[in-house]
Amino acid sequence: MPIHIGQKDHNFTEPTALLSDCHRRIEMFLGWLEAAAKAGDQNLNAETARALTSALRYFREAAPKHTADEEKSLFPRLRQIQQPDVQSALGKLEDLEQDHRRAADLHAEVERLGALYLSKECLTKAEAESFRTAVSSLIGMYREHITVEDQFIFPIAARALSRPEQISIGMEMAARRNVNFTVEIAHSPKADVKPRQQ
(Lines give C-alpha, C1' and ligand atoms only; values in the text may rest on other atoms or scores of the structure.)
Protein backbone atom coordinates (compact mmCIF):
# COMPACT_ATOMS: atom_id res chain seq x y z
CA MET A 1 0.00 0.00 0.00
CA PRO A 2 1.44 3.42 -0.91
CA ILE A 3 2.36 5.69 1.99
CA HIS A 4 1.23 9.28 1.69
CA ILE A 5 2.25 12.14 3.92
CA GLY A 6 -0.49 14.43 5.14
CA GLN A 7 -2.79 11.62 6.28
CA LYS A 8 -1.12 10.68 9.57
CA ASP A 9 1.29 12.21 12.03
CA HIS A 10 1.52 15.96 11.35
CA ASN A 11 -0.56 17.73 8.73
CA PHE A 12 0.03 20.35 6.06
CA THR A 13 -0.30 23.24 8.52
CA GLU A 14 3.02 22.05 10.03
CA PRO A 15 5.20 21.73 6.92
CA THR A 16 8.60 21.30 8.57
CA ALA A 17 7.25 18.68 10.98
CA LEU A 18 5.63 16.96 8.02
CA LEU A 19 8.93 16.97 6.12
CA SER A 20 10.55 15.37 9.16
CA ASP A 21 7.80 12.71 9.15
CA CYS A 22 8.76 12.05 5.54
CA HIS A 23 12.35 11.46 6.70
CA ARG A 24 11.12 8.62 8.90
CA ARG A 25 9.54 7.01 5.85
CA ILE A 26 12.74 7.53 3.87
CA GLU A 27 14.69 5.78 6.62
CA MET A 28 12.24 2.89 6.62
CA PHE A 29 12.45 2.38 2.87
CA LEU A 30 16.24 2.70 2.93
CA GLY A 31 16.21 -0.18 5.39
CA TRP A 32 14.15 -2.22 2.94
CA LEU A 33 16.61 -1.40 0.15
CA GLU A 34 19.53 -2.38 2.36
CA ALA A 35 17.94 -5.75 3.17
CA ALA A 36 17.28 -6.42 -0.52
CA ALA A 37 20.81 -5.42 -1.51
CA LYS A 38 22.31 -7.77 1.08
CA ALA A 39 20.32 -10.63 -0.47
CA GLY A 40 21.09 -9.62 -4.05
CA ASP A 41 23.16 -12.65 -5.02
CA GLN A 42 20.56 -15.01 -3.52
CA ASN A 43 17.28 -16.15 -5.05
CA LEU A 44 14.66 -13.45 -4.58
CA ASN A 45 11.84 -14.48 -2.25
CA ALA A 46 8.32 -13.05 -2.25
CA GLU A 47 8.75 -10.96 0.89
CA THR A 48 11.94 -9.30 -0.34
CA ALA A 49 10.37 -8.72 -3.76
CA ARG A 50 7.40 -6.92 -2.19
CA ALA A 51 9.63 -4.78 0.02
CA LEU A 52 11.98 -3.93 -2.84
CA THR A 53 9.11 -3.07 -5.17
CA SER A 54 7.57 -0.78 -2.55
CA ALA A 55 10.88 0.93 -1.77
CA LEU A 56 11.72 1.55 -5.43
CA ARG A 57 8.23 2.95 -6.03
CA TYR A 58 8.50 5.23 -3.01
CA PHE A 59 11.80 6.73 -4.09
CA ARG A 60 10.67 6.97 -7.72
CA GLU A 61 7.35 8.69 -6.97
CA ALA A 62 7.55 10.34 -3.54
CA ALA A 63 11.19 11.40 -3.20
CA PRO A 64 11.00 13.97 -6.05
CA LYS A 65 8.02 15.59 -4.29
CA HIS A 66 9.99 15.83 -1.06
CA THR A 67 12.88 17.45 -2.92
CA ALA A 68 10.48 19.93 -4.54
CA ASP A 69 8.96 20.72 -1.13
CA GLU A 70 12.39 21.82 0.02
CA GLU A 71 13.83 23.42 -3.10
CA LYS A 72 10.70 25.13 -4.42
CA SER A 73 8.76 25.90 -1.23
CA LEU A 74 10.95 25.94 1.89
CA PHE A 75 14.45 27.01 0.85
CA PRO A 76 13.42 30.04 -1.26
CA ARG A 77 11.40 31.44 1.65
CA LEU A 78 14.28 30.93 4.06
CA ARG A 79 16.57 32.84 1.71
CA GLN A 80 14.27 35.87 2.02
CA ILE A 81 14.50 36.04 5.83
CA GLN A 82 17.10 38.40 7.26
CA GLN A 83 17.25 36.99 10.79
CA PRO A 84 20.81 36.11 11.94
CA ASP A 85 20.12 32.45 12.71
CA VAL A 86 18.48 31.97 9.31
CA GLN A 87 21.38 33.71 7.56
CA SER A 88 23.80 31.34 9.31
CA ALA A 89 21.87 28.40 7.81
CA LEU A 90 21.91 29.60 4.21
CA GLY A 91 25.29 28.06 3.43
CA LYS A 92 23.94 24.67 4.40
CA LEU A 93 21.09 25.01 1.90
CA GLU A 94 23.52 24.85 -1.01
CA ASP A 95 25.06 21.67 0.41
CA LEU A 96 21.59 20.15 0.82
CA GLU A 97 20.73 21.00 -2.77
CA GLN A 98 23.95 19.32 -3.90
CA ASP A 99 22.89 16.26 -1.90
CA HIS A 100 19.65 16.22 -3.90
CA ARG A 101 21.62 16.14 -7.17
CA ARG A 102 23.85 13.37 -5.86
CA ALA A 103 20.85 11.41 -4.57
CA ALA A 104 19.22 11.54 -8.00
CA ASP A 105 22.22 9.76 -9.56
CA LEU A 106 22.35 7.18 -6.77
CA HIS A 107 18.61 6.57 -7.02
CA ALA A 108 18.96 5.97 -10.75
CA GLU A 109 21.59 3.29 -10.12
CA VAL A 110 19.58 1.71 -7.30
CA GLU A 111 16.49 1.71 -9.50
CA ARG A 112 18.40 0.04 -12.35
CA LEU A 113 19.91 -2.68 -10.18
CA GLY A 114 16.77 -3.16 -8.11
CA ALA A 115 14.68 -3.62 -11.25
CA LEU A 116 17.29 -6.05 -12.55
CA TYR A 117 17.05 -8.06 -9.35
CA LEU A 118 13.26 -8.16 -9.60
CA SER A 119 13.37 -9.34 -13.20
CA LYS A 120 16.23 -11.87 -12.90
CA GLU A 121 15.39 -12.95 -9.32
CA CYS A 122 19.11 -13.34 -8.64
CA LEU A 123 22.00 -11.00 -9.36
CA THR A 124 25.51 -11.99 -10.30
CA LYS A 125 28.12 -11.38 -7.61
CA ALA A 126 29.34 -8.29 -9.46
CA GLU A 127 25.81 -6.91 -9.85
CA ALA A 128 25.01 -7.64 -6.21
CA GLU A 129 28.18 -5.86 -5.09
CA SER A 130 27.27 -2.82 -7.22
CA PHE A 131 23.77 -2.87 -5.73
CA ARG A 132 25.13 -2.98 -2.17
CA THR A 133 27.59 -0.19 -2.91
CA ALA A 134 24.93 2.08 -4.41
CA VAL A 135 22.50 1.47 -1.55
CA SER A 136 25.25 1.99 1.05
CA SER A 137 26.24 5.29 -0.57
CA LEU A 138 22.60 6.39 -0.64
CA ILE A 139 22.14 5.54 3.04
CA GLY A 140 25.29 7.41 4.02
CA MET A 141 24.24 10.49 2.08
CA TYR A 142 20.72 10.49 3.52
CA ARG A 143 21.95 9.94 7.09
CA GLU A 144 23.97 13.16 7.07
CA HIS A 145 21.40 15.07 5.01
CA ILE A 146 18.52 14.16 7.33
CA THR A 147 20.52 15.01 10.44
CA VAL A 148 21.28 18.53 9.16
CA GLU A 149 17.66 19.15 8.22
CA ASP A 150 15.98 17.63 11.28
CA GLN A 151 18.37 19.09 13.85
CA PHE A 152 19.24 22.43 12.27
CA ILE A 153 17.27 23.62 9.24
CA PHE A 154 13.73 22.57 10.16
CA PRO A 155 13.80 23.95 13.74
CA ILE A 156 15.11 27.29 12.46
CA ALA A 157 12.46 27.37 9.74
CA ALA A 158 9.67 26.53 12.19
CA ARG A 159 10.69 29.49 14.36
CA ALA A 160 11.42 31.98 11.57
CA LEU A 161 8.58 31.42 9.11
CA SER A 162 5.38 33.32 9.73
CA ARG A 163 2.14 31.39 10.10
CA PRO A 164 0.89 32.49 6.65
CA GLU A 165 4.22 31.40 5.11
CA GLN A 166 3.92 28.00 6.76
CA ILE A 167 0.35 27.61 5.52
CA SER A 168 1.46 28.56 1.99
CA ILE A 169 4.22 25.95 2.07
CA GLY A 170 1.75 23.35 3.32
CA MET A 171 -0.71 24.16 0.57
CA GLU A 172 2.03 23.81 -2.06
CA MET A 173 3.03 20.45 -0.58
CA ALA A 174 -0.58 19.29 -0.68
CA ALA A 175 -0.94 20.39 -4.30
CA ARG A 176 2.10 18.32 -5.30
CA ARG A 177 0.30 15.28 -3.93
CA ASN A 178 -3.11 16.17 -5.39
CA VAL A 179 -4.51 16.48 -1.88
CA ASN A 180 -7.51 18.79 -1.57
CA PHE A 181 -6.37 20.95 1.32
CA THR A 182 -7.99 24.21 2.36
CA VAL A 183 -7.64 26.34 5.45
CA GLU A 184 -10.47 27.82 7.44
CA ILE A 185 -9.60 30.90 9.45
CA ALA A 186 -12.11 32.17 12.00
CA HIS A 187 -12.91 35.88 12.05
CA SER A 188 -11.16 36.44 15.39
CA PRO A 189 -7.58 37.61 14.73
CA LYS A 190 -6.35 35.30 17.50
CA ALA A 191 -8.17 32.24 16.21
CA ASP A 192 -6.13 29.18 15.34
CA VAL A 193 -5.71 28.15 11.74
CA LYS A 194 -7.63 24.95 11.18
CA PRO A 195 -6.87 22.65 8.25
CA ARG A 196 -9.58 20.95 6.31
CA GLN A 197 -8.62 18.01 4.15
CA GLN A 198 -11.15 16.41 1.84
Side-chain angles (χ1 to χ4, degrees), residues 2-6 8-10 14-41 47-48 50-76 78-79 85-86 88-118 123 127-161 169 173 176-177:
I3 295 178
H4 303 285
I5 66 172
K8 296 181 180 179
D9 303 317
H10 298 93
E14 305 168 284
T16 54
L18 195 55
L19 287 169
S20 192
D21 290 343
C22 189
H23 286 167
R24 307 291 78 78
R25 293 171 179 82
I26 289 171
E27 289 165 345
M28 179 185 74
F29 284 114
L30 286 172
W32 293 6
L33 286 178
E34 184 176 33
K38 285 180 179 178
D41 54 0
E47 181 180 355
T48 301
R50 283 192 297 271
L52 178 56
T53 298
S54 295
L56 292 176
R57 182 188 307 115
Y58 180 83
F59 287 114
R60 184 169 57 247
E61 297 176 1
K65 295 182 179 73
H66 181 82
T67 297
D69 293 336
E70 295 178 354
E71 293 194 354
K72 296 182 182 298
S73 296
L74 179 62
F75 294 175
L78 288 178
R79 287 186 167 110
D85 59 341
V86 176
S88 71
L90 295 185
K92 293 186 182 296
L93 299 187
E94 294 182 8
D95 293 338
L96 294 171
E97 288 167 337
Q98 286 299 315
D99 285 346
H100 291 158
R101 307 289 87 75
R102 182 173 169 230
D105 292 338
L106 288 170
H107 278 302
E109 181 68 356
V110 168
E111 172 77 23
R112 181 184 73 81
L113 292 165
L116 188 63
Y117 190 20
L118 288 169
L123 297 173
E127 291 165 343
E129 182 59 31
S130 294
F131 193 20
R132 284 189 288 270
T133 298
V135 170
S136 178
S137 296
L138 194 62
I139 289 171
M141 188 280 300
Y142 268 117
R143 184 178 293 121
E144 183 174 348
H145 184 94
I146 286 172
T147 297
V148 170
E149 291 187 337
D150 282 351
Q151 296 184 8
F152 188 64
I153 300 297
F154 293 169
I156 287 174
R159 292 192 302 269
L161 292 166
I169 291 171
M173 291 170 65
R176 288 188 186 101
R177 293 159 179 83

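The first residue in the sequence is number 1, and the count goes up from there.
Between Arg143 and Ile139 the shortest side-chain heavy-atom distance falls below 4.5 Å. The shortest side-chain heavy-atom distance between Leu78 and Ile153 falls under the 4.5 Å cut-off. Within the 4.5 Å cutoff, no side-chain heavy atoms of Asp69 are placed close to those of Leu18. Side-chain contact between Glu109 and Ser137: absent, with no pair of heavy atoms (C-beta onward) separated by less than 4.5 Å. Here the side chains of Leu113 and Arg132 are not in contact, with every heavy-atom distance at 4.5 Å or above. The shortest distance between side-chain heavy atoms of Leu56 and Leu33 falls below 4.5 Å.
Residue Arg57 holds its CZ atom at 10.5 Å from CD of Glu111, rounded to the nearest 0.5 Å. With rounding to the nearest 0.5 Å, the separation of CZ in Arg112 from CD in Glu127 is 7.5 Å. Between the CG atom in Leu138 and the CG atom in Leu30 there is a gap of 5.5 Å [rounded to 0.5 Å]. To the nearest 0.5 Å, atoms SG (Cys22) and CE (Met173) are separated by 7.5 Å. One finds the CE atom of Met141 at 6.0 Å from the NE2 atom of His107 (value rounded to the nearest 0.5 Å).
Ring geometry, His145 versus His100: the interplanar angle falls from 30° to 60°, so the pair is classed tilted. Ring orientation note: the planes of Phe154 and His23 are close to parallel, at an angle under 30° on the 30°/60° scale.
No more than 12 heavy-atom neighbours from other residues, nucleotides or ligands sit within 6.0 angstrom of CD on Glu144.
Between Gly40 and Ala128, the shortest heavy-atom distance links the atoms C-CB, 3.9 Å. Between Pro15 and Ile169 the shortest heavy-atom distance is CB-CG2, 3.5 Å. Nearest heavy-atom pair across Trp32 and Ser54 is CZ3-CB, 3.8 Å. Taking both residues in full, the closest heavy atoms of Ser88 and Phe152 are given as OG-CZ, 4.2 Å, listed atom of the first, atom of the second, then distance.
Every residue two or more places apart in sequence or in another chain that forms a side-chain hydrogen bond (donor to acceptor under 3.5 Å, both in side chains) with Thr48 is listed here: Asn45.
Between Glu97 and Arg79, at least one side-chain nitrogen of the basic residue sits less than 4.0 Å from a carboxylate oxygen of the acidic one, meeting the salt-bridge criterion. At a threshold of 4.0 Å, the pair Arg50-Glu47 does not count as salt-bridged, since none of the basic side-chain nitrogens sits closer than that to a carboxylate oxygen.
Checked by atom type, the side-chain pair His66/Glu70 shows a donor-acceptor distance below 3.5 Å.
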Criterion side-chain contact (heavy atoms from CB on, under 4.5 Å) on Ile26 and Phe59, from CA distance to verdict = CA-CA 8 Å; Ile26 289 171; Phe59 287 114; 4.0 Å; yes
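Counting only distance, with no hydrogens or angles, the side chain of Ser20 and the backbone of Thr16 share no donor-acceptor pair below 3.5 Å. With hydrogens and angles ignored, the 3.5 Å screen pairs a side-chain donor or acceptor of Tyr117 with a backbone N or O of Ala39. In this structure a side-chain-to-backbone donor-acceptor pair under 3.5 Å is present from Asp21 to His10.
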